[in-house]
Amino acid sequence: MTENLKRSEARARTELLTIESYSIELDISEATLETEFFDVISAITLTARKSARTFIDFIGHEVAEVRIDDAEVPFSFDGARIHLAMPEGAHTIEVRARGRYSTTGEGLHRFRDPVDSETYLYSQFEPADARRVFPNFEQPDLKATFSISITGPARWTTLSNGRQIACEAVGSKSDEIALARRTFATTKPMSTYLVAFVAGPYCAFHDAVEIDGQTIDLGFYCRESLKAHFDLDDISTVTKQGLQLLPKVFDYPYVWGKYDSVFVPEYNLGAMENPGCVTFSEDAYIYRGKSTRAQRANRANTILHEMSHMWFGDLVTPVWWDDLWLKESFAEFLGAWTMAATTKYTEAWENFAGARVAWALRNDQYPTTHPIIAHIPDLEAAEQAFDGITYAKGAAVLRQLVAYVGEDAFFSGAAQLFKKNAFGNTTLTDLLAALEATSGKDLGEWADQWLASAGVSTVVVERQPGGVKLTQVGTDPQTGKAITRPHLLRVSGWSSDGKTLAKAGQTDVELRDSIYVPWEEIGGEGVDLVLPNDESLSYIKIDFDERSADAALAFELDDSFGQSIVTSALWEMVRDAKLPAAAFADKALRSGDHVAPHVLATRVNNAMFGLQRYVPVDERDAELTAFFEAATQARSDSESDVHLIWSRALARAGASLPHKDDVLASTLASTQDQDLRWMLLTARAGIGSIGQAELDEELAKSGTASDVVAHLQAWASLPGSTNEALEKLKGGGLSNDHVSALIAGLTQPLRVESTREAFPDYFEQLEAIWRLNSQEIAERIIYGLYPMSDFRSTETPEENADFREAEAWLTEHNSAPAALRKIVRDCQDEHLRALRAQAAAQ
């Protein structure tokens, strides 16, 4: 099959074709039965500029017939493309085909609820999986309108991008299933990947919001078995707040009619911006047990991120995936900006400066890093461009851009972009032209420095007699040239009273190469901490001077934003083997009551990762034991976010500590939080203190989909399950969530070595895994099972056997798919970081 569409092929079709409309008839009437297939008719109205051979994209079971202008025509189908001769002129092509339901979250995903045996369907198409459901020309610049009808069980909720305009009973294929054909309003022009199909007995909640005389109907949907846990008030409030603000700041109305938010199972992403029918991960955003404010703030950010796409991405769309950042960076930026501007979660930029920027820094320091404007030659590369660089680095850079051109000019430029290019496709050139027009500034150099170069630079802090010298140090890994990006920085000085650090002064500067900041501008020569990127206004790493580093470790800032920035900087020092992971963990353990819970959560999560990955293996048990005992003591307040954060940490640490099973058992006995219970059960299974009987007993209590997944992970954690779990994984046919659960169980701390022994030919199997699975599943398996062996004092990190085997594979498999080679190189780099950190801590 030829699934991997190349950019050059897409350009050729753009030159050949103009697509006006699609009429799609989807028949899911047998979705509740055992059949793997559904029927679909796709009618495409288009104009060909000349007669030529071309292809229609479709990854499905079979193509029964292709007709042009109602005349049957010859074609060939290779499983991914329908090849045919296209005559010049205006035509309607009708394709009758059979598609296949998915369990991997790609295409039309089918899920059966283990609680009530109900069937739920939803679609996920980005970047190019609409072709798994209906024949189409799958590329973002061939926009069209969509008229959709869906035939399925009459009792189901059935949704698409447009509002339902008709519903008629149709003949039943089964005596037990009454069917209905629902027709939806024709959409505005949009890309194929934005089409949405949702069907099943979803529970519905309804609301509405008024915006300057426009009423937008709101729908909120989840599975029936989760409705008791659905936080309608918070979700609806954030949705309404965003819809009331964004049309005003963009000076462009919401154009997609209704606004549905559907929370779906086994989702590969956090959410997807289908116009009028946004889909969200229920696992990520419906909380069965207790949730922290940070979790709810993250949900609010995602809601507003997707809403921003209604303009950036849906109304105006990149021509090709090279400019993916034109929608994702903007949505990432606007999610945080809108959350801070209009919701109760005003800590949005603090959260961004922590977890999101850390994600960007991790991806940007891989050997496979890329500029924000990425080189995307094909769809396999496009799949991997949805990373921390495209999202979080891009958003951080946009913060710099907004500071540079001014907020008013930025939003005025966006409004100009929407008005000029509505329902069309845009490029960087269009954006820069709009922003230059509203700001009066030349952005060419700015774009070259920030968007066309790769890598991250560091601001080095150096104390001098009259002030502090700040120097930008960094090299673009692709060109070898020094990075000289312009940074608008807020530099602050902080002084300690022996307990906390208080801000003594601050000033704003522009850094390119180096700059000198007089002491009197930041509080005097006696300040204990110099923070060169206060409020995280720019995207840059921090290399503290010795006194500042000592102060950052010893004391807490009295400002939660500063706490977040310092935490991120210290964690980067751990990853760079400049600070022992144990020292960072100690910082997390000393987080007092004045440390913001979202900062504490970041510290604890990073500390746990560091202790399990970056601490020398012969010191790991002692460090984890100390951390476990401290976590036990820190769980004093049973109603707070702090209690929940430390309870989760206790479960994670306990997975490495058989001698602490009594604490795990007593904690399990005292908690009713189902998610925490499974964390504790998985830890106990991993250390061999319970068996399958106890896990089965827990599953029998409720048996929800989340419980089934958690049970599978816990089972795979059992000492005797390794071989069977690997066989299940290799056998295929599992859903995406079940694949991830097996991997999580097989890589529990005390199971890693047995998994490695049971799968000694990992590198030999890579190409087969890539070939036999969808890209989504292959990536989960390859990333998840990469052999991360520990450092041994008898060899250097580069002499590690797994590191050398990865190097040999890369050398010998130069012709392997580029996307697969990227995964191996990234994993090898993460492994080398861990080895170097362990070596430095010896």
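Count residues from 1 along the sequence.
- Taking the side chain to side chain donor-acceptor pair (under 3.5 Å) definition, one finds that Tyr22 meets it with nothing, sequence neighbours left out.
- Salt bridge present: Arg356 and Glu332 bring a charged side-chain N and a carboxylate O closer than 4.0 Å.
- A salt bridge is absent between Asp141 and Arg11: the closest approach of a Lys/Arg side-chain nitrogen to an acidic carboxylate oxygen does not fall below 4.0 angstrom.
- Of all the heavy atoms in Thr192 and Phe125, the pair that sits closest is O-CD1, 3.9 Å.
- Val491 is not listed as a side-chain neighbour of Gln506, based on a closest heavy-atom distance of 4.5 Å or more.
- If you look at Tyr254 and Tyr259, their ring centroids are closer than 6.0 Å.
- Ion pairing between a basic and an acidic side chain is recognised when a charged N comes within 4.0 Å of a carboxylate O; Arg7 and Glu380 show no such pairing.
- Partners of Thr484 under the side chain to side chain donor-acceptor pair (under 3.5 Å) rule, at least two apart in sequence or in another chain, are Gln449.
- Using modelled atom types and a 3.5 Å distance limit, the side chains of Glu328 and His305 yield a donor-acceptor pair.
- Partners of Glu830 according to the salt bridge (charged side-chain N to carboxylate O under 4.0 Å, His left out) rule, which considers only residues two or more places apart in sequence or in another chain, are Arg575.
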task: Walk me through it: do Val397 and Trp325 pass the test side-chain contact (heavy atoms from CB on, under 4.5 Å)?
output: CA-CA 11 Å; Val397 168; Trp325 80 280; over 6 Å; no
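- No side-chain heavy atom of Phe333 sits less than 4.5 Å from a side-chain heavy atom of Tyr391.
- Within the structure, side chain to side chain donor-acceptor pair (under 3.5 Å) contacts touching residues 409-422 (residues at least two apart or in different chains) are Asp251-Lys419.
- Side-chain contact annotation: Ser536 with Arg490, donor-acceptor N/O pair under 3.5 Å absent.
- Ser457 pairs by the side chain to side chain contact (heavy atoms under 4.5 Å, CB included) definition with Gln472, Ile483, His487, Ile540, not counting sequence neighbours.
- Partners of Asp364 under the side chain to side chain donor-acceptor pair (under 3.5 Å) rule, at least two apart in sequence or in another chain, are Thr369, Lys393, Tyr539.
- Salt-bridge check for Asp476 with Lys481: failed, with every basic side-chain N at 4.0 Å or more from each acidic carboxylate O.
- Between Asp543 and Lys541, no side-chain nitrogen of the basic residue sits less than 4.0 Å from a carboxylate oxygen of the acidic one, so the salt-bridge criterion is not met.
- In summary, Lys822 and Asp826 engage in a salt bridge, as defined by a charged side-chain N under 4.0 Å from a carboxylate O.
- In this structure, Glu15 does not pair ionically with Arg13, as no charged nitrogen and carboxylate oxygen lie closer than 4.0 Å.
- The pair Glu572-Lys578 does not count as a salt bridge, with every side-chain nitrogen at least 4.0 angstrom from each carboxylate oxygen.
- Taking the six-membered ring for Trp and thresholds of 30 and 60 degrees, Phe250 and Trp311 have ring planes inclined between 30 and 60 degrees apart.
- At a threshold of 4.0 Å, the pair Arg833-Asp576 counts as salt-bridged, since one of the basic side-chain nitrogens sits closer than that to a carboxylate oxygen.
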